[in-house]
Amino acid sequence: SFAFTNDQDTGMFRSAANALGFSTLGSERVTIDSTGNVGIGTTLPTDGYKLSLITSGVDTSNGIRFGNGTGAGQLFDDGDGDVRLRAETSGKSVIFGTSTANHFWITDTARIGISESSPLTKLDIQGTASATHLMTTGVLQVANGAATVSYSRFGTDTTGYTNFISAANDLLISGDLEINSTAQFDGILRSGSGANPALYVDPTNNKIGILTRNLTSTLEVGGTASSTRSLIANELNVAAGAAATVSYSRFGTDTTGYTN
């Protein structure tokens, strides 16, 4: 063994057959076994690992600190088996990359960027992403901007109908929508803006309004209507105002005095 004259419990010695040990304060701190594996804090480096770092501490006391003097990184076991890698300096990121470029950033604001060094949201991907299944518990924002809203949307437009579009299960589409199969609407369908949209469909009561939402009959037209041909299977009622229908055809709102 090798020790210091004035420090007999610190030095280098043969810790086992074909093994070399280094000690401080009388305890073996580093071991190099017969296969060249190095153990720090253990006399039995794990087979197959060139470096084993084992301590009885928790948090950073059983980890590795590395850096250039102006900042450092930390790699350690938190004591429960979880492995942590983090930047020691506030405002710095943990970055993963290859020999040619960086690709993955984790910022100190708990944001992740893929091909994006300054992510604006919790997950910011610059490029195409695919998934076999996508499930969101909040709003879904598919837009060319960073600002989020309380409802889901495709595009960057904001809703003009906050009384309807306000929750995560509401959807605003800024561009065109193509449906090549069946579309089912269980609630009100409206097309157009303003108080009286161009088309207003009430599937609950089986009524349709054109330029009106005041639906007193199956079809209400809030204005002048014309047709090239009309075929009426029952009575025809042509009247001004929301007049009640009668069993006979009529022009006007009067009722007959000759029911016989």
Side-chain angles (χ1 to χ4, degrees), residues 120-125 127-260:
L120 298 175
T121 57
K122 286 296 184 182
L123 176 61
D124 195 336
I125 302 175
T128 303
S130 61
T132 55
H133 181 70
L134 176 64
M135 180 175 66
T136 64
T137 57
V139 297
L140 174 64
Q141 305 281 316
V142 181
N144 295 319
T148 58
V149 291
S150 61
Y151 46 87
S152 298
R153 63 176 174 175
F154 289 86
T156 57
D157 289 350
T158 54
T159 183
Y161 299 93
T162 54
N163 53 328
F164 300 121
I165 309 298
S166 60
N169 60 348
D170 298 325
L171 176 63
L172 168 65
I173 300 176
S174 299
D176 299 325
L177 173 65
E178 178 180 348
I179 300 175
N180 293 327
S181 188
T182 303
Q184 178 68 41
F185 298 91
D186 294 329
I188 297 294
L189 171 63
R190 56 182 295 156
S191 175
S193 59
N196 294 309
L199 177 66
Y200 189 86
V201 180
D202 180 359
T204 302
N205 298 301
N206 296 321
K207 294 181 178 181
I208 299 174
I210 299 176
L211 294 175
T212 181
R213 292 186 297 139
N214 183 24
L215 308 183
T216 59
S217 58
T218 301
L219 175 63
E220 289 283 346
V221 179
T224 302
S226 62
S227 64
T228 57
R229 184 171 181 269
S230 297
L231 175 64
I232 300 173
N234 294 307
E235 70 277 356
L236 172 65
N237 285 271
V238 181
T245 58
V246 291
S247 60
Y248 45 87
S249 299
R250 63 175 175 175
F251 288 82
T253 58
D254 289 347
T255 56
T256 183
Y258 301 93
T259 56
N260 56 334

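Heads up: numbering here begins at 1 and tracks the sequence.
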Could you give the distance from CG (Leu140) to CE (Met135), rounded to the nearest 0.5 Å? 13.0 Å

I need the Asp170 CG to Phe164 CZ distance, nearest 0.5 Å. 10.5 Å

Which heavy atom of [X] sits nearest to which heavy atom of [Y], and what is that distance?
X: Arg213; Y: Ala195; value: NE-O, 2.5 Å
X: Tyr248; Y: Asp254; value: OH-O, 4.4 Å
X: Ala168; Y: Ser152; value: O-OG, 2.8 Å

Please name all residues satisfying side chain to side chain contact (heavy atoms under 4.5 Å, CB included) with [X], sequence neighbours left out, ordered by chain then number.
X: Ala183; value: Ile179, Phe185
X: Ser150; value: none
X: Ala225; value: Val221

Could you give all pairs that pass the side-chain hydrogen bond (donor to acceptor under 3.5 Å, both in side chains) test and reach residues 127-137, with sequence neighbours left out? none

Heavy atoms from other residues, nucleotides or ligands near CG of Asn163 exceed 12 (cutoff 6.0 Å): yes

Under the side chain to side chain contact (heavy atoms under 4.5 Å, CB included) test against Arg153, which residue among Val139, Val142, Thr158 passes? Thr158

[X]: which residues meet the side chain to side chain donor-acceptor pair (under 3.5 Å) condition with it, sequence neighbours left out?
X: Thr256; result: none
X: Asp124; result: Gln126
X: Asn180; result: Glu178
X: Ser217; result: Glu220

Which donor-acceptor pairs under 3.5 Å do side chains of residues 198-212 form with protein atoms, sequence neighbours excluded?
residue	atom	partner	partner atom	Å
Asp202	OD1	Thr204	N	3.2
Asp202	OD1	Asn205	N	3.4
Asp202	OD2	Asn205	ND2	2.7
Lys207	NZ	Leu215	O	3.3
Thr212	OG1	Asn214	N	3.1

